Structure formats: C-alpha cells, structure tokens
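Right, one structure below, let's go through it.
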2 protein chains.
Amino acid sequence: MIKGPAVAVTIKDVARLAGVSQSSVCRALADPARVRPETRDRVERAAHELDYHPNRVARSLITGRTLNIGVVLPDLANPFFPSVVKAIQTRARGFDYAVFLSDTDEDPALEVPAIRALAEQVDGFLLCSPRAADEELRSNAREKPIVVLNRRVTPFPSVTADSADGMRQAVAHLHALGHRSVAYVAGPRTSWSNRDRLRGLRAATAARGMDLVEAGNVAPTVDGGAAAADLVLATPATAVLAYNDLTALGLIQRFHARGVDVPGRISVVGFDDIHLAALVVPPLTTVAIAKEQIGRAGVDLLLASMAGRDSTGTARRVLPTQLIVRGSTGPAPV
Amino acid sequence: MIKGPAVAVTIKDVARLAGVSQSSVCRALADPARVRPETRDRVERAAHELDYHPNRVARSLITGRTLNIGVVLPDLANPFFPSVVKAIQTRARGFDYAVFLSDTDEDPALEVPAIRALAEQVDGFLLCSPRAADEELRSNAREKPIVVLNRRVTPFPSVTADSADGMRQAVAHLHALGHRSVAYVAGPRTSWSNRDRLRGLRAATAARGMDLVEAGNVAPTVDGGAAAADLVLATPATAVLAYNDLTALGLIQRFHARGVDVPGRISVVGFDDIHLAALVVPPLTTVAIAKEQIGRAGVDLLLASMAGRDSTGTARRVLPTQLIVRGSTGPAPV
DNA sequence: AGCCAGTCTGGAATCGTTTCCAGAACATTG
DNA sequence: CAATGTTCTGGAAACGATTCCAGACTGGCT
C-alpha cells in the first residue's frame with residue numbers, strides 16, 4: 001500500500017514539526033552551515049519524516065531559476081535531432097536540469113512563439129538548427145541565455161560542425177574517384193547549415209576546378225530527395241551531394257525505382273551520418289557529424305552562459321566532421 | 001533594434017498603464033465577460049502595448065495547474081518514439097500545454113526517479129513503453145494522472161496497438177506464401193509490448209498449425225537484430241518476425257552480409273513501420289502502428305483524466321494495426 | 001425617493017518558497 | 001563591566017499571478 005499523502009507537504013509542516021520557523025527550515029536545508037547543528041538535525045529529521053521536497057515552482061518564482069532548459073528544434077522526425085536531444089537530455093540530467101522539448105515542424109514562424117511560451121519556465125534555451133531570421137532570434141536575447149546549435153547567430157554562443165572541411169573531404173573523395181561534375185541538392189533556403197554546406201562545397205569544387213550544378217532547394221526529407229532525383233539525372237553530374245542523409249536516401253530510393261545504378265551511373269553522398277545511413281543498399285557514403293558531442297557541448301555552453309549571467313558570450317565551438325565512405329560512391333562512369 | 005525590456009512585464013505594469021487594478025486585468029484577460037467592455041478594451045490595449053504574457057510559474061503556484069505534461073520514454077534513438085513524441089507535442093501545443101521530455105535510456109531504474117523529478121512541474125504524465133514493474137509505476141498513482149502508452153498497467157488509462165491482430169495479419173500473409181515454420185526474435189523481457197506481441201504470435205501460429213521458433217531476447221536495436229540473425233538461420237524457420245523494425249533491419253543487414261537472400265532464403269517481418277522501413281533494400285514488410293494516433297490519443301486521455309480529477313480511469317484505447325507488405329517477404333523456399 | 005438586485009471594481013489574502021531585516025543570545029575584548 | 005562583535009533566529013516582505021470579499025455604482029421597480 002501507498003502511504004504518500006495526496007496533498008503535498010510544505011515547508012510550514014516541516015517547521016511546525018521541527019518547532020522552528022520557516023526561515024530556519026529553509027536555511028537548514030539550503031545551506032546547513034548557516035544554522036546551529038542542533039537546529040539542523042531537528043529540521044532534517046522532520047523533513048525526512050514527512051518526506052518533504054521543496055516545491056520547485058514556488059522556489060523558482062522567487063529565485064528566478066527553474067532548473068529547466070528549453071530545446072527547440074524543427075523536426076523530430078529527422079533522425080538527426082533525436083540523437084542530439086538524447087545527448088542533451090542525458091547531459092542535462094547530470095546537472096539536475098530537466099528538458100522542455102518543442103518541435104516547430106519546420107515552420108520558422110513557430111519558433112519565436114515557442115521560445116516565448118517557454119521563456120518563464122526555463123533558465124535558457126538550446127535552439128537546434130533554428131530556421132527563423134537572425135533578427136527574430138535576437139529579439140529574445142534579453143530574456144534568457146540562448147545557445148544555438150548547427151548555426152551561428154551573433155551574439156549567441158554556438159556549436160557547429162565544420163561543414164567546409166566535411167565538404168572538402170567529400171569532394172576530395174569524389175575527385176579521386178574521377179568525378180569532375182557534381183550536383184548539390186540543397187535543403188531549406190532558411191537553413192543556415194544549408195548555406196554553410198553550400199559555401200563549403202563551392203569552395204571545395206572551385207579549388208579542384210570541378211563543375212558544380214545546383215539542383216534546387218527541397219525539403220530536408222526523403223520525399224524532398226526523391227523529388228530532386230530526376231532533376232539531377234538531367235544534368236551532366238556523375239555524383240550528387242545532398243543537404244542531409246534523408247535527402248540522400250530519397251535520391252537513392254528514386255534512382256533505384258528508375259533502375260539507375262548507384263554508384264555505377266551516379267554516386268551519392270549524404271550529410272549527418274544518421275543511424276540508418278549504414279543500413280540502406282547501397283550503404284550511404286556521408287559526412288559524419290558528432291551529434292552527441294553537439295548536444296553535450298550545447299548544454300555545457302548554456303550552463304556556462306547561465307552561470308556567467310552573460311547571454312551573449314562569444315564562445316563558438318566548431319566540431320570536426322568526418323567523411324564515412326560506404327557503398328554509395330564509386331568511380332565515375334567512363 | 002530591440003525594444004523589449006530586460007525585465008519581464010508583470011500584471012502590475014499592465015494595471016498601472018490601463019489605470020485599473022490587478023484584479024481587473026486578471027479578469028479581463030482570463031474571462032472577458034466578467035468586466036465592462038470599456039475596461040476590457042483598456043486592459044487589452046495596455047497588455048498588447050506592453051506585450052504582456054501572464055507568468056505561468058506564478059499562475060501555477062496558485063491554481064495548482066502547470067499546463068505542462070511529462071513524457072517519459074526508454075530510448076529516443078528508436079525512431080518509433082520521436083514519431084510518438086512529435087504527435088504528442090503537436091497535440092499538446094493545441095491545448096496550450098508544453099512538454100517535458102525524459103529519456104531513460106532503456107534503464108527501468110531511471111523511470112520512477114524521472115517521474116518524481118518532474119512531478120511538481122507537470123499536470124500529468126505520458127509514459128511511453130515504460131519498462132519498470134507495474135507496482136513501481138503504481139506507486140506514483142496518487143501524485144499525478146498518468147496515461148500509459150504501448151502497455152497496459154492497471155489502473156491507468158492506456159493506449160495500445162492491437163498487436164494480436166497485427167500478428168494475425170502477418171502470420172496469414174506468411175502462411176499464404178507457403179511458410180510453415182516461423183521464428184520470433186524477441187525484444188526486452190521487461191517490455192510489455194514484447195510479451196503482447198509474442199502472445200498474439202503464438203495464438204496466430206497455433207491457429208494455423210504453424211511451427212513457432214522463439215529465437216531469444218535481444219536489445220530492440222539494429223545490433224540486437226544482427227546478433228540474432230545467425231541463430232535464426234540455424235533453425236528450420238523460413239520466415240522470421242522481429243520484435244520491431246530496428247531488430248528486423250539488423251536481421252536483414254546481417255543476412256545481407258552473409259549473402260543470405262531475403263526473401264529468397266528467408267522472409268523478414270518487422271513491427272512499427274518506422275519511416276525508414278520503406279527505404280532499405282529489400283523494403284521491409286512490417287506491421288504498422290498508428291504512431292501519431294497513439295500520441296494524440298494519449299494526450300486526449302491524459303487531458304480527460306486531468307479534467308476528471310480521476311487519475312485511475314479505466315479508459316483503454318486499442319488502435320488498429322495494419323500489415324504493410326513490401327519486398328522482404330516472399331514465397332517460402334521449396 | 002427609496003429599496004433591492006445585479007454588475008463591476010479594488011483591496012487584500014493566498015499559493016510555497018527565499019531572503020531581508022532586526023533583534024536575541026552569547027562570546028570576546030579592552 | 002561596558003562595549004562591541006558574532007552567531008543564530010523568527011517575523012515579514014517579497015516573487016506574480018488568481019480569487020475571495022466587500023463596497024460602489026447602476027438600473028429597475030414600487
């Protein structure tokens with residue numbers, strides 16, 4: 001049987017049982033050194049007997065700290081994000097923080113409202129790949145510390161992947177395989193990492209005198225990739241880089257449906273290295289990002305930002321990327 | 001430029017600007033019918049001008065309602081859960097609820113602490129596929145309403161999938177293809193849905209006089225499935241059903257690595273119909289669960305449970321399952 | 001005009017905690 | 001012994017909202 005009472009026990013109950021004032025109970029529990037040992041014992045015994053736990057809501061009202069962090073991301077259905085969120089959650093738990101999750105469904109207009117809705121209940125935000133304009137995001141800067149993941153927005157601390165280097169690796173790989181013309185299937189126009197990847201790709205292809213065909217912007221999903229496949233085939237490109245793995249998988253799926261050989265006719269490279277990239281046939285060559293590290297680093301930066309009372313730190317962590325070569329890339333057709 | 005003030009605007013500021021009392025501001029915003037139209041206008045104008053939003057923390061202190069719900073799940077890396085969470089979040093947002101997320105990393109011992117940690121800050125819980133013992137879960141029943149997803153735990157309301165029927169469909173499909181001996185690769189022993197699926201499978205095979213080989217319990221992951229593949233091949237089974245899609249993908253992956261033809265030598269059936277089941281080669285035949293519906297129904301049940309002040313309702317929603325036939329199943333080898 | 005019912009409003013109490021402030025008790029020092 | 005400091009404590013004021021209560025005003029009715 002359960003003995004716990006239906007109604008919560010408050011600090012007053014403890015004070016009464018211990019025969020001291022509320023203030024002393026509070027002090028005894030928050031900072032035992034500030035009360036006499038005897039008082040401390042009495043309070044602790046009473047608190048333990050009643051199974052008292054301070055009400056976080058009431059506490060946060062006066063201290064202003066909630067021990068919660070808010071995570072805002074565009075689409076949980078993209079396997080990239082669950083990995084990051086999982087790492088965030090695990091890390092946060094280690095510091096006794098709980099996590100609010102808000103999925104904005106790839107709608108930039110939902111991001112600021114999501115932040116506003118959570119603002120009072122969290123001590124800070126982790127914005128994963130936010131789609132809203134810099135200016136909009138900055139408009140929340142005064143309220144709570146913000147750390148941005150997968151994007152750089154002045155003046156917030158950020159954690160990003162070194163896309164340029166990843167693209168360099170991918171292009172070097174394709175070049176070595178004899179490819180001279182590559183296509184890029186871009187993600188959302190509002191995505192910073194899309195622009196970042198494209199920038200890196202342009203630099204990398206230019207450096208090797210390769211031809212780059214930009215095949216348009218699509219949704220960062222399997223369907224988006226599938227929709228771009230035929231466009232890509234209509235270009236002279238012998239290899240295609242996709243904004244992310246989902247898009248790449250969509251490309252492969254459509255190529256497969258049309259009987260186009262991968263990598264015989266065309267090579268495919270993804271980005272992110274989601275779990276299932278290794279499972280498709282052919283397994284996907286992709287640029288891996290340290291997703292867990294992004295989550296962890298984000299929490300660490302946010303905690304530092306909160307502790308320093310400085311929401312506009314200039315900390316910028318750039319994590320390395322690594323090309324994972326699998327079966328979806330091969331020699332260019334002759 | 002940002003005009004928002006650093007410090008939050010409170011109800012007092014609105015009252016001052018509107019030239020009325022706090023009480024009137026509160027009434028005007030909470031229930032416009034309770035104040036004179038003119039007062040309402042003044043308040044609304046002032047609130048709008050100051051961009052005032054009531055502080056949820058302060059409100060919850062007095063009303064006892066937080067407008068948050070807690071979601072506890074075993075592993076966000078399993079694509080099944082993000083789908084459910086996304087649906088939960090979307091549905092909850094519609095009712096102005098925010099979502100706390102806690103990933104317990106498949107560790108049953110973390111579930112109750114996760115619930116306790118969130119208890120004060122939420123109005124109720126959605127437990128997705130909880131792994132902890134019934135008794136442990138029940139020990140939280142007094143505190144806050146709980147709705148269980150993918151499992152039945154008296155006395156909580158629950159939302160489950162009709163696994164038995166799904167298994168019936170899968171077995172009928174395999175039987176029609178000529179299979180007479182099938183294997184089952186089970187998930188975690190502590191998983192209710194694993195037991196539920198196994199029960200359904202036993203009934204279905206028995207009903208058709210088919211042979212069922214139980215190939216042991218594995219982690220509900222790709223690696224778990226891969227680990228069981230060789231065991232399955234050592235049995236006389238010509239088809240294998242997996243606890244979930246990840247396990248099935250692991251099986252296929254290992255079969256592929258060993259040069260075993262799917263479905264030529266052996267057919268594979270998954271469970272859940274995660275997004276990527278359709279993308280592997282061969283695409284996975286699987287029993288689809290309405291993941292979004294589970295999330296939505298869970299929220300609805302929880303809200304009802306909270307409104308009714310009755311955390312131990314007996315509502316049990318069982319959602320239909322549907323076999324999706326793809327390329328991983330074929331005629332039994334002769 | 002006088003009375004009553006009804007509408008609308010402001011002040012104050014409240015939720016559970018932390019923190020400020022002032023005073024009590026005790027010890028220390030010249 | 002007086003003066004000063006230190007330690008510890010309880011009362012009360014916050015935090016920002018909601019809600020109770022009583023009073024002010026309106027209007028309708030006799």
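Below, chain A is the first sequence line, B the second, and so on; all start at residue 1. Every heavy atom of this structure was used, including side-chain atoms; hydrogens, water molecules and symmetry mates were not. Source: prediction; values computed, not measured.
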Base, sugar-phosphate, or nothing: which does A:V20 touch, judged by heavy atoms less than 4.0 Å apart?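 Sugar-phosphate contact only - A:V20 comes under 4.0 Å of backbone atoms but never of a base.
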
Would you classify A:S23 as touching base, sugar-phosphate or nothing, given that sugar-phosphate means primed atoms plus P, OP1 and OP2, and contacts are heavy atoms under 4.0 Å?
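Base contact - A:S23 has a heavy atom under 4.0 Å of at least one base atom.
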
Measure the shortest side-chain to side-chain distance between [X] and [Y] over non-hydrogen atoms and say whether it is less than 4.5 angstrom.
X     : Y      : value
B:V9  : B:D51  : no
B:Y52 : B:I11  : yes
B:K86 : A:D105 : yes

Go through [options] for me and flag the one nearest to the [X] side chain.
X     : options                : value
A:P54 : C:dT9, C:dT17, C:dG16  : C:dT17
B:S24 : C:dG16, D:dA17, C:dT9  : C:dT9
B:T63 : C:dG10, D:dC8, D:dT18  : D:dT18
B:T10 : D:dG16, C:dG16, D:dT9  : D:dG16
B:R36 : C:dC8, D:dT18, D:dC8   : C:dC8
B:C26 : D:dT18, D:dG16, C:dG16 : D:dT18

Between atom [atom1] in [X] and atom [atom2] in [N], what is the gap in whole Å?
X     : N      : atom1 : atom2 : value
A:L67 : C:dT17 : CG    : P     : 15 Å
A:I62 : D:dG16 : CD1   : C1'   : 11 Å
A:Q22 : D:dG11 : CD    : P     : 10 Å
A:R59 : C:dT18 : CZ    : P     : 5 Å
A:D31 : C:dT18 : CG    : P     : 12 Å
A:Y52 : C:dG16 : OH    : C1'   : 7 Å
A:R34 : C:dC21 : CZ    : P     : 13 Å
B:I11 : D:dC15 : CD1   : C1'   : 13 Å

Item to complete: Return the 5'-most residue of the pair B:P37, B:L61 with respect to DNA chain C, ranking by each residue's nearest nucleotide.
Response: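 Result: B:P37.
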
Distance below 4.0 Å between B:S21 side-chain N/O and C:dG10 OP1 or OP2: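 Affirmative; the distance criterion is met.
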
- Give a yes or no on whether a donor-acceptor pair under 3.5 Å exists between the nucleobase atoms of C:dG16, that is its base, and the side chain of A:R56.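 No pair found.
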
- B:T160 side-chain N/O to B:V318 backbone N/O, donor-acceptor pair under 3.5 Å: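 No.
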
### Exam field: side chain A:D107 to backbone A:A109, donor-acceptor pair closer than 3.5 Å
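Yes; at least one donor-acceptor contact below 3.5 Å.
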
